[in-house]
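See below for the structure under consideration.
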Amino acid sequence: CPLVAAAAAMGALSLGWFALCLGVAVAVDRGNFKTCEQSAFCKRQRAMKAGQSPYRALLDTLELSDSRVTLQLINDNNKVHLLLELYRLQGNMTRVKINELKPLKPRFEVPDVLIADPPTEPLSVVSRDENGVVLSLGDEARRLIVSAQPFRLDIVEGPQVLLSLNSRGLLAFEHLRPRKDTEDDNQPGLWEETFKSHTDSKPNGPTSISLDFSLPGVEHVYGIPEHADNLKLKSTDGGDPYRLYNLDVFQYELYNPMALYGAVPVLLSHNAQRTMGIFWFNAAETWVDISSNTAGKTVFGKMLDYVQGASETPQTDIRWISESGIIDVFIMLGPKPADVFTQYASLTGTQSFPPLSALAYHQCRWNYNDQEDVRAVNQGFDEHDIPCDFIWLDIEHTDGKRYFTWDPSKFPKPLEMLQDLTDKRRKMVAIVDPHIKVDSGYKIHSELRSKNLYVKNKDGADYEGWCWPGNAGYPDFIRPDTRAWWASMFAYDQYEGSTENLYTWNDMNEPSVFNGPEVTMHKDAVHGAWEHRDLHNLYGFYVQMATAEGLIQRSEGKERPFVLTRAFFAGSQRYGAVWTGDNAAEWDHLKISIPMCLNLNLVGISFCGADVGGFFKSPSTELLVRWYQAGAYQPFFRAHAHMDTPRREPWLFGPENTALIREAILQRYALLPYWYQLFYHAYLTGQPIMRPLWVEYPGDASTFAMDDQYLLGRDLLVHPVTEEGARGITAYLPGQGEVWYDVHTFQKHNGAQNLYIPVTISSIPVFQHGGSIIPKKLRIRRSSSCMENDPYTFIVALSPQRTAEGELYIDDGHTFSYRTEKKFIHRRLTFANNTLTSRSDALFHFTLEISSE
Amino acid sequence: MQHNVNWLQALLVLSLSVTLGWTVEVQRPRGVPLTKRQFYDEAKPFTCLDGSRTIPFDRVNDDYCDCKDGSDEPGTAACPNGSFHCTNAGYRPTFIPSSRINDGICDCCDGTDEYNSGASCQNTCKELGRKEREALQKLAEITKEGFLLKQQLIEEAKKGQQEKQSRLSELQDSRKGHEDKVEALRTVKETAEQPEKEAKERHLKAWEEHKAALRLEKEKAKMAEVFLELDDNADGFVDVSELQTHQELDPDGDGTLTDTEAQGLLGGAHKVDSTEFMNMWSNMKEKYVSEVCPPTPSSDLDKDPDSVYPEDDLDEDAAGEDDEDDDDDDDRDDDDDKVISPLQVLEKLSVCERERWCLLCNAALLPFSFRALEKEISFDFGPSSEFAYLYSQCYELTTNEYIYRLCPFNRVSQKPKYGGSETSLGSWGSWSGPEDNKYSVMKYEHGMGCWQGPNRSTTVKLTCGKETAVVSTSEPSRCEYLMEFTTPAVCLEPPNIDTQVHDEF
């Protein structure tokens with residue numbers, strides 16, 4: 001849900017504040033959000049230019065243990081000592097930690113995001129002299145070089161520098177200090193900062209950190225979602241850095257580096273030889289500067305350099321700036337894209353394996369008005385013979401925005417409503433937001449208050465802010481006891497009117513605070529020993545974690561949860577799905593959904609989607625149809641709409657458009673076995689589901705910036721039509737010597753070519769890779785559950801060598817028994833010599849009658 | 001004996017099968033309707049119904065789709081475009097998409113679609129049939145009665161239509177005549193006014209004095225009258241509560257005459273006698289509206305000592321009394337040869353009379369009523385004007401939060417139940433039912449605007465009913481309202497044959 005539409009709902013409560021917003025409803029009000037210049041630490045850090053670093057490594061402090069090397073750094077300007085820790089991690093990763101040697105008090109280190117202490121491998125000193133130490137990172141001549149003065153780190157492989165740290169001397173660590181009333185100390189922004197009407201008391205003073213990374217030979221970097229921008233990150237020279245600070249941005253603009261709802265501080269670099277990743281493990285407000293020595297050059301300029309031999313090596317420089325915490329960086333050395341995904345997954349875990357039905361079609365709207373409305377929509381799908389698995393309820397279903405309750409007049413009998421859905425083997429999602437109405441008669445609130453589980457304000461009282469219900473408190477999800485309590489609220493006897501086919505949607509969990517600075521929580525709010533400043537970007541992660549845990553617990557650990565979240569952080573993939581928030585019914589928003597989800601997929605969050613049709617405004621029929629066609633091929637497939645827009649259930653646009661939308665949804669259902677198998681793989685291995693082409697064709701430079709088409713797994717190439725009035729599209733089919741088949745016509749096309757395809761309004765250009773076998777279910781029924789016993793159809797697309805491979809994964813579709821009892825079937829399929837064979841890919845104890853046709 | 005029992009059992013089974021309609025089931029493959037039975041002959045190869053292919057008969061319903069049109073799999077879910085026939089004995093036979101066969105959900109009331117899914121389906125056809133018959137019967141009754149009412153409505157509308165039409169043409173005829181008359185009158189008036197003006201100047205002073213005395217006299221009389229009128233309990237005092245029956249006296253105009261305000265009007269006293277009231281009267285007389293209007297203005301005027309100039313405004317007053325009696329007015333206008341200055345008349349008139357006069361002052365009234373009539377006639381009240389009776393009526397429905405008001409051919413509005421201002425949900429737009437049933441839906445458009453959204457609009461769905469009433473309202477989409485409205489005007493002529501549910505046997 002968006003922020004300002006609150007005006008309608010809450011006008012009476014806080015008229016003055018909303019009046020401001022009402023005037024600027026057209027697009028994002030940039031004035032509500034900080035630029036780097038307006039963020040004191042960013043401004044301070046960015047004012048520092050590249051040059052000689054004041055930091056020096058004290059080599060004589062070097063200590064080597066089995067798992068790590070420690071070493072002190074000194075800032076020659078202020079003589080503050082830092083402690084550097086270097087780890088060689090299993091799976092070709094290096095971890096670099098820098099903290100104050102003796103901080104006045106502990107600095108925040110991110111908990112709960114890593115799935116375990118990353119296993120280490122021994123480091124050894126290869127050589128050392130007065131200028132530095134060379135450490136071995138394994139066999140392949142991979143070395144970590146520590147230079148003493150100025151301090152820098154280089155990771156090399158043979159003669160090649162893979163990456164350097166502090167090579168531009170931008171390491172800056174603001175140590176904790178007592179406040180002195182010196183002139184320096186009274187600089188604005190150090191001990192207090194004001195933005196608009198909000199003053200941030202900064203009891204700890206300046207605490208920011210910064211470090212630069214150089215990537216020689218790299219021209220393409222990706223990741224650091226969430227931004228409404230292209231897949232390939234752009235140079236930030238002359239503009240603002242990419243910002244990572246979870247914010248509820250009303251009517252966000254496209255193609256800019258402004259912060260959005262979620263943050264994953266992971267950046268991937270790629271060139272034809274190597275893919276690497278940098279995981280900046282910090283949950284505070286973070287800014288990322290990117291510059292490239294080739295960014296400004298035209299293709300012609302680059303060619304000229306090449307011909308003249310005058311070219312400097314292309315290089316991309318990255319600089320991370322965070323407001324607090326410590327420097328803690330995981331460097332994932334690849335070398336292949338798949339290796340980086342594996343490496344990152346070994347740190348933060350893999351995509352949760354959702355119930356199969358969550359991969360089907362979701363019908364949402366703010367709001368389905370009452371039970372009768374839900375009944376009619378449910379029936380509408382049957383009347384128009386369109387499959388649907390989930391109907392969603394937004395905030396209006398609650399009793400006065402008190403989550404876990406139902407509006408007594410509009411939804412008087414939720415159990416009856418849920419039974420109606422069960423009767424059609426459909427399910428429901430109801431929203432549960434983390435802001436809790438301050439109302440002593442509301443159980444959730446009074447328990448939070450009596451158990452003292454709310455976030456506190458700087459003065460120690462319960463933090464309160466405005467959100468949908470009016471005055472609201474925010475549970476301190478950072479505390480394990482808060483999360484345990486929250487999870488217990490999903491028990492069937494606590495959450496009245498809930499049943500096992502009711503799942504959950506966590507919105508507004510940035511957290512959104514309508515009257516807070518930048519529409520979020522005050523940074524000086526208090527979570528136990530920590531300030532909100534230290535962990536802001538973790539809040540939404542924890543909300544989803546606790547909710548998913550609640551759904552698991554209510555079934556006594558048997559059923560897989562399904563939870564959608566708007567805010568997220570590294571590791572959020574473990575708890576469910578993410579959507580790109582409050583987009584708009586515009587063609588550019590349809591286009592941007594692809595790179596936004598691709599970047600999320602690159603950093604582990606595969607279960608991504610955008611509101612089909614666009615949330616704000618009303619789509620043209622053509623846009624709506626095209627969005628269904630595109631959405632059918634994105635991992636999370638949900639139509640959603642703002643309450644002020646006209647209704648847009650699939651059958652409201654005449655029989656022809658109903659048929660087009662039905663066809664798009666049918667294609668989704670037919671491919672559910674493939675989707676399910678992709679999610680199983682994502683869960684097992686951490687490989688993304690939606691992949692930029694370069695992931696599978698890392699040497700093909702023409703794919704590096706491509707973000708209007710993508711691969712689903714390895715074997716389907718999707719190029720949705722995202723242009724108004726399109727008569728044709730040009731798809732790039734990769735792979736020299738490979739072939740691709742149009743999935744609709746089975747027409748064969750050679751790889752490594754740009755293929756022009758004429759399109760009509762019914763076209764969804766999708767190609768199957770020659771050499772692959774894709775499982776489908778061709779009996780499309782009203783929900784995925786209805787299809788569970790149906791036969792599979794294998795689409796065998798032959799390679800030029802007339803062979804093909806694929807697999808089939810089957811389990812019960814909703815419980816954890818696939819992992820607790822290994823109840824599944826996983827067959828590897830091979831087609832060769834005109835024969836299709838299958839063999840077991842793993843132990844299986846799952847029996848199911850299957851036939852194939 | 002043994003033999004007899006078996007025979008009885010067999011009979012029993014047979015009769016059961018008959019009631020459930022199973023006897024026909026065995027004669028055709030699963031999912032085939034009776035009408036297509038002849039295409040499915042076990043003895044012959046099967047030709048797809050679109051003629052595209054012929055296959056051995058054992059491939060019919062073998063759970064594999066052979067025919068493009070799905071006709072080889074009438075009883076399985078194998079074909080994406082197939083359909084399954086539910087016999088539904090006792091209820092209505094129907095086709096369902098073959099994707100609903102064995103999907104675990106009972107779609108056919110006879111449960112025949114779920115023969116292999118594990119779903120246990122009850123046969124609910126009889127119950128449904130019974131319910132439907134009941135509903136149909138009820139509907140038929142409503143339709144019948146509604147249709148009778150509709151005939152009356154049509155009759156009335158026809159009469160009304162004729163009346164209006166004739167009045168319109170009369171008006172058209174008389175308008176010209178009226179304009180001529182007005183012109184003539186103006187000339188007469190101007191001529192008459194000349195000597196009057198001179199006389200007036202001569203006697204002005206004396207006249208003014210005389211008039212003031214008369215006016216005081218009249219004022220006193222009036223006041224006494226008012227006092228009696230106000231003194232509801234006839235105790236010789238006017239008190240606060242008695243005064244409060246006259247909200248028009250409210251000094252601050254907020255619509256409520258509070259205790260304090262009323263007391264203020266009574267000079268701070270809680271009640272006053274007639275002498276005291278005389279002093280207070282000047283505070284009220286401007287606003288006071290008499291509780292009774294004199295039945296015939298003429299008598300009042302006659303008694304008035306101020307009527308120095310006998311004036312004949314009776315006809316005009318009469319006209320004001322009922323502006324629809326235009327014809328009569330015109331007649332009297334013909335006799336009217338005395339003219340009075342309108343100002344003079346006004347001065348002498350009571351409040352009620354003034355109002356009447358003003359109505360008449362609007363000489364424009366004639367063109368107005370002419371236009372209103374023209375407008376009314378121009379509305380599309382349905383093929384037989386059966387909707388005409390809704391014109392200038394309003395219907396309300398009260399829900400939890402709001403009072404909804406539908407004034408057909410005019411507007412729809414919503415008002416919060418517990419105070420607050422009315423919101424327009426649209427003004428009459430057009431009939432907008434589907435082409436074959438245009439008069440089933442009304443559309444009201446251009447209501448109050450919504451934030452970031454469209455202007456409010458309302459769709460009114462009309463269904464047959466004996467009563468004319470708004471039966472439900474909803475807002476399916478933000479600012480787009482839906483009302484269900486019952487009226488006999490949409491009741492269709494009930495078919496003469498008995499409505500019976502058709503059982504397939």
Side-chain angles (χ1 to χ4, degrees), chain A residues 2 4-5 7-9 11 18 22 25-26 251 365-370 372-373 376-377 382 384-385 387 396 407-410 422-426 616-618 641-649 652 666 669-670 777-783 785-791 793 851-853, chain B residues 59 62-66 70 73 76-84 94-107 113-114 116-119 121-122 399-402 416-417 420 423 434 449-457 459 472-482 484:
Chain A
V4 166
F18 284 112
L22 279 172
V26 184
Q251 293 196 337
R365 174 175 179 83
W366 179 28
N367 214 86
Y368 286 119
N369 299 330
D370 48 29
E372 171 53 28
D373 199 358
V377 171
D382 283 356
H384 299 90
D385 202 17
E396 311 299 329
D407 184 304
S409 64
K410 295 172 188 159
T422 303
D423 288 346
K424 293 288 160 68
R425 306 186 76 176
R426 294 195 174 112
F616 290 111
K617 304 186 183 170
S618 189
H642 190 284
M643 73 191 311
D644 286 339
T645 62
R647 294 285 284 233
R648 55 168 101 133
E649 285 67 47
L652 294 177
L666 292 185
Y669 275 74
K777 282 195 174 183
L778 297 184
R779 300 183 181 182
I780 315 296
R781 301 182 185 260
R782 63 186 120 200
S783 76
S785 306
C786 295
M787 295 159 62
E788 65 184 358
N789 296 318
D790 282 339
T793 299
S851 58
S852 63
E853 46 182 36
Chain B
R59 284 168 68 173
D62 69 343
D63 206 20
Y64 187 90
C65 191
D66 296 288
E73 297 294 320
T76 79
C79 294
N81 50 349
S83 56
F84 176 88
T94 185
F95 286 97
I96 59 166
S98 58
S99 65
R100 293 180 192 170
I101 300 169
N102 289 329
D103 67 348
I105 300 163
C106 309
D107 290 288
D113 58 320
E114 299 300 313
N116 193 24
S117 69
C121 299
Q122 309 293 318
T399 64
N400 283 340
E401 284 174 84
Y402 297 102
K417 206 161 152 189
T423 304
C450 275
W451 179 76
Q452 264 218 327
N455 284 339
R456 288 172 174 78
S457 63
T459 302
S472 80
T473 66
S474 57
E475 189 182 357
S477 195
R478 186 76 155 172
C479 304
E480 292 177 9
Y481 296 81
L482 179 69
E484 289 185 282

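To find a chain, count down the sequence lines: A is the first, B the second, and so on, and within it residues start at 1. Computed from heavy atoms alone, side chains included, the values below leave out hydrogens, waters and symmetry copies.
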Do [X] and [Y] come close enough that some side-chain heavy atom pair is under 4.5 Å?
| X | Y | answer |
| --- | --- | --- |
| B:D63 | A:R779 | yes |
| A:L666 | B:P80 | no |
| A:D644 | B:C450 | no |

Measure the spacing between [atom1] of [X] and [atom2] of [Y] and express it to the nearest 0.5 Å.
| X | Y | atom1 | atom2 | result |
| --- | --- | --- | --- | --- |
| B:E475 | A:M643 | CD | CE | 7.5 Å |
| B:D107 | A:D382 | CG | CG | 7.5 Å |
| A:L778 | B:S99 | CG | OG | 13.0 Å |
| B:S477 | A:E649 | OG | CD | 8.0 Å |

Item to complete: Using the test side-chain contact (heavy atoms from CB on, under 4.5 Å), find all partners of A:S409 that sit at least two apart in sequence or belong to another chain.
Response: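 Applying side-chain contact (heavy atoms from CB on, under 4.5 Å) to A:S409 gives A:D407, B:N400.
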
Worksheet item: With sequence neighbours excluded, what pairs up with A:R781 under the salt bridge (charged side-chain N to carboxylate O under 4.0 Å, His left out) test?
Response: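 Salt bridge (charged side-chain N to carboxylate O under 4.0 Å, His left out) check on A:R781 returns A:D790.
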
Practice prompt. Please report the closest heavy-atom contact between A:P646 and B:E480, naming both atoms and the distance.
Written response: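 Nearest pair, atom of A:P646 first, then B:E480: CB-OE2, 3.7 Å.
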
Worksheet item: With a 4.5 angstrom heavy-atom cut-off, which part of B:S98 approaches chain A: side chain, backbone, both or neither?
Response: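 Contact with chain A: backbone only.
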
Worksheet entry | Presence of salt bridge, A:R782 and B:D103, under 4.0 angstrom |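 Salt bridge between B:D103 and A:R782, a charged N being under 4.0 Å from a carboxylate O: yes.
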
